[in-house]
Colleague: 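Below are the structure tokens for one structure; questions will follow.
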Amino acid sequence: MKLTNLTTSFAVAAIGTLLTGVILVAENQWAVIGALLAAAALSIVLARLKIGMVLASVLNESSAWVALLIPLGGVIIGFALHEEDFVLMMLATVLIYGLACVGLTIQFGYAGVINFAGAAFFGIGGYTAALLGEWGIPSLLIIVAGGMVAAAIGCILILPVLRTKGHYAALITIAFGLLFRSFLEVNHTLGGPQGLKVEGASVAGHSLLDGIQLGSFQASFYLNYVLLALGVFTICFILARNLEKSWIGVNFDAVREDPIGASVFGVNVAYWRIMAFVIGNFVIGLAGAIFAMMQNFIAPSNFTFSDSLIMLSIIVLGGLGNLWAILPAAILVVVMPEKLQEIGEFRILVFAVLVVLVLRFRPSGLFPRALRKFRREVAQ
Amino acid sequence: MSHLFSARDVSVRFGGLQALDKLSLDVDEGTIIGLIGPNGSGKTTFFNALTGLCQTAGGQLLLDGTDITGLEPRHVYSRGVTRTFQRSRLCLSLSVFDNVVIGRQNSLDLNIVSNLLQRGRFNAAVRENHERVRALLATFSEMLAGRIFDPLHSLNMIDRRRIEVCRALVAEPRLLLLDEPSAGMTPDETHEFMDDILKVRSNNPRMSIIIIEHEMDLMRRVAERCIVLNYGRKVADGTFDAVVADPWVQEAYLGTS
């Protein structure tokens, strides 16, 4: 099978866009289940024919520009469904969770620093946006500030994490997540359990919480947030991709695989763990700020331990360390429960069975990470 | 004459166990020292103490006259000491290139901004390092050089050993520590690997090597001087022939006839 990288990437993007669109609009339970089964069958066929790994390495080794296929697909879906409030909200949520998962991938997928407090850093970004929103600061600055506050608070948490190993480090992050929520609930300046109203993002005086009206074209205000999340996701995606394909990425991997072996070759293990944690929390904070602006309202119940688990299950189901796997897995984890409302509480059961099946039959995820090869860099 | 490396009365204790007991030895520039002794005699512990992986309970480790006792592993590395491990410590999920290039840690540009944004500069650095790693791999085998972007887990035992040695060599160390390189290899592979070590030696005449090995044929061929350890103490020091002729060594290590 000899295909050019570009054709292959376009084909993957087209199939992905189509499947996403079908899953998003499907109202009928059976249509949803059908689309999921089609995706599962596709995944099995790709795995059986060993095409999955080929595709992963094609995407991994092609130029950074292929990442622009993501916003292309997103814009097509967004404009095709521009009047569907609920669908666009789900799409924006997928992108925002996906953005947070880019941060978790840097932490856990690359450097092996486990973070069970993803939702807490997501919340820190959100509360930062809520507090700064009152002062009329430009929205983009607020989003960046959300990331920076999350990164700064992460700097404090990393100290006890570095002093412990394995399960104990994981426990510390769990404890932090729980503490964060309890802190919010008793803190009256932050709204306590009732939460806070958040000022929506605005561009040039135009609030993104208003619908779009251009001549005869009318669109849901969620389209604004789809485009905003898409933009930030794409930038972070490309930067994370560059990070993986750099000396820093090599160091992250060495630290994750064998910290002792790495230290004997001059790798500053603690430094890279801190870096991964801080960069990751920055990205998670960005996502939290956008989430808060879109929701227009946040409360401690948005940032629970189970939200942290949802974020981690996205990167584990997708394929640890594979940026390309984040969006498909986020669609599965975020959209599927919404679409299966009718089976009620059984959807949690379905989700649990799905996780068990994936871990049993595809332990490295639905779309495993490709081996890093610097072929393209060497050829240039 | 001053030595490249000296250990002065180095002791290491693990609880009640005296793993190294006042060990002293000297290594001159450009020599190959063989370290032999029964299992548990403290050979690997000596490497661990020297590379900063375990704490010493007394004594001094001197490299070029400066004290390196108690330095962190990465600082020992920066002074030009690299090693291989008895049970190889390679990253199986990474490529051959990634595994070797990590050994050039101090020459890699690790600035986050230039890594993320100045991709042209980064690509040039990749090309330079690729050339260097490829050339190094090619000194061992041209086949290995062709597999530079293959995953490490697809390589056989001898090639993995070679990758470990390459990772240690690519930093151009002054002192190379090889911890039982023949472990897990067939006799044929061991023989082939011996040639590799001699090749490394002739390519880097100023580098010193300390090698731990149970394979006596290998020792006879490569070691210019042998040091025998038992229970953390040095019990013999001399040429291979002199050391193996020592009746104590014959009894304790090679077995009585």
Side-chain angles (χ1 to χ4, degrees), chain A residues 53 57 60-61 63-65 106 109-110 112 235-236 238-272 274-276 278-279 282 320-321 364 368-380, chain B residues 47-48 51-53 72-78 81-85 88-95 97-99 101-112 114-120 122-127 129-131 134 148-154 164 167-168 170-171 177:
Chain A
M53 257 355 250
S57 54
N60 197 36
E61 283 175 56
S63 129
W65 298 113
I106 293 169
Y110 295 168
I235 293 169
C236 289
I238 292 176
L239 289 178
R241 196 172 177 278
N242 283 355
L243 187 72
E244 197 252 357
K245 284 185 150 266
S246 77
W247 303 133
I248 298 175
V250 177
N251 274 281
F252 280 162
D253 285 332
V255 166
R256 184 193 68 242
E257 288 261 317
D258 182 2
I260 293 175
S263 71
V264 170
F265 287 91
V267 176
N268 191 340
V269 175
Y271 174 78
W272 292 117
I274 294 173
M275 277 305 242
V278 169
I279 298 171
F282 176 79
L320 208 50
S364 41
R369 176 179 179 183
L371 182 76
R372 174 183 30 240
K373 294 173 182 174
F374 288 113
R375 277 204 193 122
R376 189 184 175 80
E377 286 76 3
V378 169
Q380 266 169 8
Chain B
F47 277 9
N48 287 347
T51 49
L53 286 179
E72 272 182 58
R74 61 191 175 95
H75 292 133
V76 177
Y77 160 87
S78 300
V81 181
T82 59
R83 66 176 289 182
T84 67
F85 292 88
S88 84
R89 280 185 168 276
L90 291 164
C91 304
L92 292 181
S93 70
L94 302 186
S95 70
F97 175 75
D98 287 2
N99 270 285
V101 84
I102 204 79
R104 283 185 47 80
Q105 187 66 209
N106 286 356
S107 347
L108 300 178
D109 172 14
L110 297 174
N111 181 299
I112 191 148
S114 61
N115 267 281
L116 284 186
L117 302 173
Q118 297 175 316
R119 297 302 284 182
F122 173 74
N123 291 349
V126 170
R127 279 194 297 280
N129 280 288
H130 174 262
E131 210 31 68
R134 222 202 82 89
I148 188 163
F149 287 125
D150 280 8
L152 198 97
H153 59 74
S154 68
E164 260 206 297
R167 176 172 71 172
V170 79
L177 311 175

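So you know, we letter chains A, B, ... as the sequences are listed, proteins then strands, and number each from 1. Hydrogens, waters and symmetry mates are skipped; everything else that's a heavy atom, side chains included, is used.
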Colleague: Does any backbone or side-chain atom of Leu371(A) lie under 4.5 Å from a heavy atom of chain B? Answer side chain, backbone, both or neither.
Modeller: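 Interface part for Leu371(A): side chain.
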Colleague: Check each atom of Arg256(A) against the heavy atoms of chain B and say whether the ones under 4.5 Å are side chain, backbone, both or neither.
Modeller: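 Only the side chain of Arg256(A) comes within 4.5 Å of chain B.
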Colleague: Any idea which of Asn129(B), Asp150(B), Val81(B) has the most non-hydrogen atom pairs under 4.5 angstrom with chain A?
Modeller: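 Top option by heavy-atom pairs under 4.5 Å: Asn129(B).
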Colleague: If you measure only the distance, is there a donor-acceptor pair under 3.5 Å linking the side chains of Asn60(A) and Arg376(A)?
Modeller: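 Asn60(A) vs Arg376(A): no donor-acceptor pair found between side chains.
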Colleague: Any idea which heavy atoms bring Phe97(B) and Phe374(A) closest together, and the distance?
Modeller: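 So the two residues come closest at CE2-CD1, 3.4 Å.
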Colleague: Tell me, side chain or backbone of Leu116(B) under 4.5 Å from chain A's heavy atoms, or both, or neither?
Modeller: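 Contact with chain A: backbone and side chain both.
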Colleague: Can you tell which part of Ser78(B) gets under 4.5 Å to a heavy atom of chain A, answering side chain, backbone, both or neither?
Modeller: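 No part of it gets close to chain A.
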Colleague: Is chain A contacted by the side chain of Ile148(B), its backbone, both, or neither, given a heavy-atom distance below 4.5 Å?
Modeller: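 The answer is neither part of Ile148(B).
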Colleague: Examine whether an atom of Val76(B) lies under 4.5 Å from a heavy atom of chain A, and if so say whether it belongs to the side chain, the backbone or both; otherwise answer neither.
Modeller: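 Looking at Val76(B), nothing touches chain A.
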Colleague: Side chain of Arg74(B), backbone of Val269(A): donor and acceptor closer than 3.5 Å?
Modeller: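 Answer holds: no.
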Colleague: Out of the candidates Glu257(A), Arg372(A), Arg369(A), only one should pair with Ser93(B) under the side chain to side chain contact (heavy atoms under 4.5 Å, CB included) rule; please name it.
Modeller: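 It is Glu257(A), the one option of Glu257(A), Arg372(A), Arg369(A) that forms the side chain to side chain contact (heavy atoms under 4.5 Å, CB included) with Ser93(B).
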Colleague: Pick one of side chain, backbone, both or neither for Ile279(A), based on which atoms fall under 4.5 Å of a heavy atom in chain B.
Modeller: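 Contact with chain B: side chain only.
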Colleague: When you measure from the side chain of Lys245(A) to the backbone N and O of Ala240(A), does any donor-acceptor pair fall under 3.5 Å?
Modeller: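 The answer is no, because no donor-acceptor pair under 3.5 Å joins these two groups.
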Colleague: Quick one: which of Arg89(B), Glu131(B), Glu72(B), Arg83(B) has the most heavy-atom pairs under 4.5 Å with chain A, could you say?
Modeller: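 Most pairs with chain A among the choices: Arg89(B).
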Colleague: Counting heavy atoms not belonging to Ile112(B), are there more than 12 under 6.0 Å from its CD1?
Modeller: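 Enclosed: over 12 neighbouring heavy atoms sit under 6.0 Å from CD1 of Ile112(B).
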Colleague: Under the side chain to side chain donor-acceptor pair (under 3.5 Å) rule, collect the residues that match up with Ser364(A), sequence neighbours excluded.
Modeller: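 Per chain and number, Ser364(A) pairs via side chain to side chain donor-acceptor pair (under 3.5 Å) with no residue.
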Colleague: Looking at Gly103(B), Ala124(B), Ala125(B), Gly52(B), which has the largest count of heavy-atom pairs under 4.5 Å with chain A?
Modeller: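 Heavy-atom pair counts peak at Ala125(B).
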Colleague: Who among His75(B), Arg167(B), His130(B), Arg104(B) has the most heavy-atom pairs with chain A under 4.5 Å?
Modeller: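 The residue among His75(B), Arg167(B), His130(B), Arg104(B) with the greatest pair count is Arg167(B).
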Colleague: Between the side chains of Asn251(A) and Gln105(B), is a donor N or O closer than 3.5 angstrom to an acceptor N or O?
Modeller: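 Result is yes, a qualifying pair exists.
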